[in-house]
2 protein chains.
Amino acid sequence: MSYTYVAPTLTEDNVIFQLINNQLTVLLVKRGKEPFKGQWALPGGYNAAGDTTTDAMKRVLLTKTGIKMSELRFVEQLYTFDTVARDPRGHAVSVSYMGLCRDLEPKHTASTENPVFVPVKDLPELAYDHASIVNYAHERLQSKVNYSNVVFALLPDKFTLTELQSAYEAIFGHKLDKRNFRKKFLSLELISPIKKLKREGAHRPAQLYAFNKQGLQILTRSFE
Amino acid sequence: MSYTYVAPTLTEDNVIFQLINNQLTVLLVKRGKEPFKGQWALPGGYNAAGDTTTDAMKRVLLTKTGIKMSELRFVEQLYTFDTVARDPRGHAVSVSYMGLCRDLEPKHTASTENPVFVPVKDLPELAYDHASIVNYAHERLQSKVNYSNVVFALLPDKFTLTELQSAYEAIFGHKLDKRNFRKKFLSLELISPIKKLKREGAHRPAQLYAFNKQGLQILTRSFE
DNA sequence: ACAAAAGTGTTAAGAATACACCCATGT
DNA sequence: ACATGGGTGTATTCTTAACACTTTTGT
């Protein structure tokens with residue numbers, strides 16, 4: 001069988017989230033070529049023979065947005081879509097990944113105009129089926145923050161409880177009760193206060209916290 | 001770029017679960033060719049250009065196990081693995097799917113010896129990375145029965161509460177409390193008693209139940 | 001003194017858990 | 001009459017949800 005085998009086009013698409021001004025944003029690029037020239041799209045591209053899907057992700061991200069994969073604090077594969085090919089051949093298979101980061105500035109690169117983080121609440125029309133991929137990623141993130149500490153990847157190393165709560169609110173898209181949030185989150189024993197306060201603005205300084213462990217932890221008792 | 005593009009080998013692997021004698025079983029085939037000749041493996045194969053991943057699944061299942069995809073009562077994509085190729089070329093990308101069914105008998109086909117449902121608790125050594133794929137699928141199923149009615153796909157249309165509980169126990173791998181299970185499951189309002197009893201054996205006949213709705217339903221209030 | 005965000009507890013309702021006996025049938 | 005699996009309720013603990021005022025700072 002294998003001697004006549006021809007593989008379908010394999011592509012790779014990325015949903016990179018970041019919190020900016022207490023808003024959840026996603027990294028988009030403006031396509032410089034047909035198809036969908038001039039439209040906003042997720043940064044994505046071809047996955048060539050010899051490259052694993054993470055190799056492809058690394059290359060695509062760097063080429064299209066100037067972001068190094070090592071700058072992402074959390075990466076997870078999402079789903080593999082049967083989709084429209086990037087070229088006129090028609091059908092393609094596209095593996096999508098979600099990445100979480102903080103404080104990243106995408107760079108203008110040769111192959112794309114204007115990589116930029118756009119608030120998820122206010123997305124422009126996207127090329128291909130990318131709107132549904134963003135949606136899928138957002139839902140995954142929402143459920144993941146519920147049963148893990150993955151929010152660490154979107155926060156600075158030292159953060160206040162208000163910043164933490166605000167991250168959850170940005171991800172869920174709704175407000176949470178301050179006292180209940182603090183009580184519940186502290187009971188998970190994922191974070192501890194550090195010997196430092198955040199002094200900023202004309203108000204009482206805030207206790208800073210840090211996560212107890214680096215990396216992903218899965219909770220038995222879910223959050224929200 | 002696309003004129004020099006060569007795609008990696010794309011394959012497709014299936015984890016088909018079924019309940020047999022109150023045990024969760026998974027469909028395996030004995031490989032007739034190298035590599036891993038003579039070893040047990042998941043039914044899988046090539047995904048060729050022009051075929052969507054579900055096209056590939058349909059073909060692979062029918063060819064290797066004689067099972068029609070339409071006989072599966074639930075299908076869900078699991079994960080896409082960077083893995084060892086089925087041929088000596090090395091690297092391949094493999095999309096895996098989970099399927100749930102009941103009362104299916106796999107058939108001996110030209111391309112495989114002995115497709116057979118094997119208890120998940122007592123798996124033989126598997127080819128490739130298939131042991132970890134089965135494990136991944138099992139975890140997905142365990143979490144999915146918790147927040148959905150997906151267990152319907154493994155049960156007959158009419159079933160007793162004891163059969164339902166036994167399905168959960170087979171999936172979780174541990175016993176559940178009878179009174180608490182019944183109280184909790186009935187409170188979800190997914191099933192209703194029908195006007196029929198199951199009479200079987202020298203004991204009190206059992207009330208039969210049916211799911212209220214066909215197809216997958218997601219719960220807000222999780223199960224276990 | 002005031003504006004602004006930080007911090008803090010209690011009550012009530014609902015959910016989860018632990019647990020043991022009687023019921024209806026076939027042989 | 002007995003063996004077999006079907007069926008049922010209560011009390012306790014834990015979790016969730018609703019809710020408002022005081023504290024500390026900078027200006």
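Just so we're clear, the structure is a prediction, and the values are computed from it rather than from any experiment. Letters A, B, ... mirror the listed sequences (proteins, then strands); counts begin at 1.
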Between L176(B) (CG) and dA18(C) (C1'), how many Å, whole number?
-> 14 Å
Would you mind reading off the distance between N180(A) atom CG and dA12(C) atom P, rounded to a whole angstrom?
-> 16 Å
Heavy atoms under 4.0 Å, any strand shown: does Q207(B) hit a base, just sugar-phosphate, or nothing?
-> sugar-phosphate
With a 4.0 Å cut-off (strictly under) to non-hydrogen atoms of chain B, the first and last hit nts on DNA chain D, 5' to 3', are dA3(D) to dT10(D)
Listed in order of residue number, which residues of residues 184-192 of chain A have a non-hydrogen atom at under 4.0 Å from DNA chain C?
-> none
Reckon R199(B) touches a base, only the sugar-phosphate, or nothing at all at heavy-atom distances under 4.0 Å?
-> sugar-phosphate
In a check of side chain to side chain contact (heavy atoms under 4.5 Å, CB included) between V150(A) and each of M98(A), Q217(A), K144(A), E76(A), which one passes?
-> K144(A)
Of the candidate nucleotides dA18(C), dA6(C), dA20(C), which contains the atom at the shortest distance from the side chain of R179(B)?
-> dA20(C)
Could you state the atom-to-atom distance from CZ of R182(A) to P of dA5(C) in whole Å?
-> 13 Å
Nearest whole angstrom, please: distance from the P of dG7(C) to the CD of Q165(A).
-> 12 Å
Spacing of H203(A) atom NE2 relative to dA3(C) atom C1', expressed in whole Å = 11 Å
Rounded to whole Å, the NZ-C1' distance (K198(B) to dC23(C)) equals 19 Å
Establish, with yes or no, whether the OP1 or OP2 oxygen of dA5(C) is under 4.0 angstrom from a side-chain nitrogen or oxygen of T162(A).
-> no
Drop me the distance from Q77(B)'s CD to R140(B)'s CZ, to the nearest 0.5 angstrom.
-> 8.5 Å
Any chance the rings of F159(A) and F211(A) have centres within less than 6.0 Å?
-> yes
The single option from V29(B), L42(B), L61(B), L72(B) that satisfies side chain to side chain contact (heavy atoms under 4.5 Å, CB included) with N14(B) is L61(B)
How many Å lie between CD on E163(A) and P on dG7(C), as a whole number?
-> 11 Å
dT17(C), dT25(C), dA15(C): which one has an atom nearest the side-chain heavy atoms of R221(B)?
-> dA15(C)
